[in-house]
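What follows is a structure written as structure tokens; I'll ask about it next.
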Amino acid sequence: MTSRHVPSPSRRTVVRAAAATAAAVPVLAASATVSASASSSSEAEAPAPAFLHGVASGDPLPDGVLLWTRVTPEPGAEPGSGRGADTPVRWEVAEDREFTAIAASGTTHASAASDHTVKADVRGLRPATSYYFRFTASGEGGGTTGVRSPVGRTRTAPATGANVAGVRFGVVSCANWEAGWFSAYRHLAARGDLDAVLHLGDYLYEYAAGDYPTQGTALREHRPAHEILDLADYRLRHGTYKTDTDLQALHAAHPVIAIWDDHEFANDAWSGGAQNHTPGAEGVWERRVAAAKQAYFEWMPVRASTEGTVYRRLRFGKLADLHLLDLRSFRSEQASVGSGSVDDPERTITGRAQLDWLKAGLAGSDAVWKLVGTSVMISPVAFGALPAHLLKPLAGLLGLPKEGLAVNVDQWDGYTDDRRELIAHLRERGIGDTVFLTGDIHMAWANEVPVRAATYPLSPPAATEFVVTSVTSDNLDDTLKVAPQTVSLVAAAAVRTANRHVKWVDMDSHGYGVLDVTAERSQMDYYVLSDRTAKDATSSWARSYRTRRGTQRVERADRPVR
């Protein structure tokens with residue numbers, strides 16, 4: 001299959017707008033990452049059956065967790081190939097690493113129909129408990145002996161009605177295989193204090209080798225080398241990512257709670273297409289989406305929810321409800337930048353059913369904290385020299401969005417009616433302590449979500465938002481090819497001047513977040529990597545921000561929780 005040339009993505013609008021503004025004014029696996037060519041070689045040479053893609057768990061419940069692995073049934077049976085016979089697989093969950101105290105076990109089959117991936121939705125476990133798990137694959141003829149997988153560690157959620165002292169999540173997004181090494185995953189894997197890791201989307205990228213990132217030279221090439229379009233392509237791309245040992249270490253150390261964004265499908269995806277999809281030349285969009293979703297649910301430790309999407313809800317005792325959104329499957333096509341159509345009430349980012357589901361869940365929650373996993377930023381952001389409160393009257397004259405000039409119409413700024421309805425719901429129902437957790441934008445932010453951005457801070461905030469930067473994907477200094485913390489300082493100052501609800505933004509760093517939640521406050525600790533292009537990149541704490549219970553305000557904390 002060949003691919004048309006895809007230009008540098010028009011997405012990352014915010015990064016480019018920021019550049020314009022600045023110009024105007026314990027470890028579970030080895031840290032070395034398997035390269036694409038090495039993984040291909042290992043597929044061909046490995047004995048059969050084999051576990052070449054690690055083990056994983058996800059979506060923890062008080063009484064259970066979802067387990068995952070992939071069996072390579074014979075040499076050369078790489079993901080998407082369709083090769084290999086059905087393979088009996090036994091799974092075991094134990095209270096100890098030696099598996100002397102088995103808590104649950106069962107059997108299933110790895111077959112070509114599911115790309116030889118295996119899932120086990122285990123129940124009957126104790127709440128708030130760490131467990132170990134493994135798989136055993138039998139060769140031809142079955143039998144009780146076979147090849148064992150690596151051992152993974154997972155943890156169940158607290159009991160639904162439990163008074164929980166605290167819960168802690170790693171938070172990540174935007175990991176481009178070609179742009180760098182996944183050191184952020186290695187550092188999170190080494191932490192023994194996390195209840196789960198929240199992945200907010202762009203777990204993988206769909207581009208052809210060399211099309212993105214903008215630096216032009218990939219550290220390692222995507223497989224397949226062409227833009228992924230069909231089921232075999234998406235399966236192989238997922239399989240390639242899961243040969244990364246830092247990613248394997250993350251999955252083996254913690255349950256992962258994941259949602260998708262656009263690159264799991266194609267850049268700037270919406271319900272009827274994408275910026276990076278040409279009808280005819282690249283096939284029918286609905287078929288591409290179906291293939292991408294099938295591969296996603298095969299390869300990710302995620303439970304499919306309503307209509308085969310990823311919006312769902314998890315609970316962590318009385319401390320926190322986690323509402324997870326799908327902002328790609330139901331959204332209207334993105335509006336033109338500067339178009340008043342972003343305010344059109346007929347346009348949606350959530351879809352009616354999902355927005356009603358979210359509103360009902362927030363109103364009905366008795367948890368202290370209402371956490372919302374959203375793949376794109378909900379806080380309004382205006383770029384330019386004019387402060388936000390001056391943009392409102394200009395918006396009325398020029399037909400611009402009422403909440404300021406929306407630059408990134410791919411996020412909630414392009415769908416202001418849904419945002420107004422949701423924020424009004426929070427205010428009218430007296431729903432406090434809502435924290436949006438966001439990825440996508442390749443920058444780190446700490447925001448108060450205003451009721452009316454144009455009159456903030458005279459008008460109150462309705463919620464808070466913590467945005468984590470990318471694991472590897474290009475941010476501002478990468479795009480401009482300048483030293484970090486140079487041009488971006490000017491851009492960040494302009495953004496904060498025009499958006500007084502933005503308390504902090506880092507436009508250059510790569511890394512991850514750690515969200516620590518107690519009854520008194522929710523705090524995001526931001527960590528940055530020394531160099532995304534170094535396999536042995538170190539991690540260091542950069543900043544911390546928190547919101548205290550009952551305030552809907554963001555304040556800086558002087559140290560990380562740990």
Side-chain angles (χ1 to χ4, degrees), residues 15 26-33 166 168-176 179-200 213 215 219 244-247 249-250 253-254 437-439 441-447 466-480 482-489 491-493 496 502-517 521-546 554-562:
V15 175
V27 181
L28 297 181
S31 61
T33 307
R168 190 172 296 169
F169 303 102
V171 189
V172 289
S173 76
C174 303
N176 188 336
W181 305 103
F182 293 165
S183 300
Y185 295 154
R186 170 167 44 88
H187 290 290
L188 283 170
R191 295 185 65 123
D193 61 338
L194 302 180
D195 292 280
V197 171
L198 179 59
H199 202 297
L200 294 168
Q215 71 221 34
L219 271 77
D244 184 286
T245 54
D246 290 338
L247 179 54
L250 178 77
H254 309 295
L437 305 170
T438 308
I441 205 169
H442 304 182
M443 307 175 190
W445 302 63
N447 304 326
F466 297 127
V467 183
V468 295
T469 189
S470 62
V471 171
T472 63
S473 301
D474 282 6
N475 44 32
L476 188 62
D477 60 328
D478 304 317
T479 301
L480 295 177
V482 298
Q485 305 303 312
T486 55
V487 173
S488 67
L489 298 182
R496 291 190 60 196
V502 174
K503 302 306 175 183
W504 176 67
V505 56
D506 175 358
M507 298 183 172
D508 291 340
S509 302
H510 300 280
Y512 57 93
V514 174
L515 180 73
D516 188 83
V517 181
R521 55 98 186 105
S522 289
Q523 176 169 321
M524 181 70 84
D525 298 330
Y526 295 89
Y527 291 84
V528 301
L529 301 175
S530 59
D531 184 355
R532 65 171 174 164
T533 66
K535 288 184 180 181
D536 59 351
T538 58
S539 170
S540 61
W541 171 70
R543 288 227 184 174
S544 292
Y545 286 87
R546 66 191 173 205
V554 168
E555 64 182 25
R556 186 171 177 179
D558 59 5
R559 63 177 63 88
V561 173
R562 186 201 122 182

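The shown structure was predicted, so the numbers you read here are calculated from the model rather than taken from an experiment.
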Gap separating the CG atom of Leu250 from the OG1 atom of Thr245, nearest 0.5 angstrom: 11.5 Å
Closest approach of Leu437 to Leu198 (non-hydrogen atoms, all atoms of both residues): CD1-CD2, 3.8 Å
Whether Tyr185 and His199 hold their rings parallel, tilted or perpendicular, with breakpoints at 30° and 60°: tilted
Pair Arg168 + Asp195, salt bridge at N-O below 4.0 Å: no
Close side-chain approach of Val487 to Met507, heavy-atom, < 4.5 Å: no
Between His510 and Asp478, a side-chain donor and acceptor under 3.5 Å: yes
Closest heavy-atom pair and its distance - Ser173, Leu200: CB-CB, 4.2 Å
Value rounded to 0.5 Å, distance of OH in Tyr527 from CG in Leu188: 9.5 Å
4.5 Å side-chain heavy-atom contact, Val467 and Asn447: yes
Nearest-0.5 Å distance, CG of residue Asp244 to CZ of residue Arg186: 10.0 Å
Polar side-chain atom of Trp181 near backbone of Thr533 as donor-acceptor pair, under 3.5 Å: yes
Point-to-point distance, once rounded to the nearest 0.5 Å, from CG of Leu194 to CG of Leu515: 10.5 Å
Lys/Arg-Asp/Glu bridge criterion (N-O < 4.0 Å) met for Arg532, Asp474: yes
Side-chain donor or acceptor of Ser530 paired with backbone N/O of Thr538 under 3.5 Å: yes
Where Gly511 and Thr469 come nearest, the two heavy atoms and their spacing: N-CG2, 3.4 Å
Pair Asp516 + Arg521, salt bridge at N-O below 4.0 Å: yes
Minimum heavy-atom distance Pro560-Ser544, with the two atoms named: CA-OG, 3.6 Å
Polar side-chain atom of Arg556 near backbone of Lys503 as donor-acceptor pair, under 3.5 Å: no
Heavy-atom check, side chain of Leu476 versus side chain of Val482, under 4.5 Å: no
Side-chain donor/acceptor of Ser473 to backbone N/O of Ser470, under 3.5 Å: no
Non-hydrogen side-chain atoms of His187 and Tyr512 separated by less than 4.5 Å: yes
Over all atoms of both residues, closest heavy-atom pair of Leu219 and Gly180: CD2-CA, 4.1 Å
OH on Tyr526 to OG on Ser540, rounded to 0.5 Å: 15.5 Å
Any side-chain donor near an acceptor of the partner, Gln485 and Asp477, under 3.5 Å: no
Atom pair OH (Tyr545) and CG (Asp525), whose distance is rounded to the nearest 0.5 Å: 12.0 Å
Over all atoms of both residues, closest heavy-atom pair of Ala542 and Val528: CB-CG1, 3.7 Å
Working for salt bridge (charged side-chain N to carboxylate O under 4.0 Å, His left out), residues Asp506 and Arg543: CA-CA 10 Å; Asp506 175 358; Arg543 288 227 184 174; over 6 Å; no
Heavy-atom neighbours of Arg559 CZ exceed 12 at 6.0 Å: no
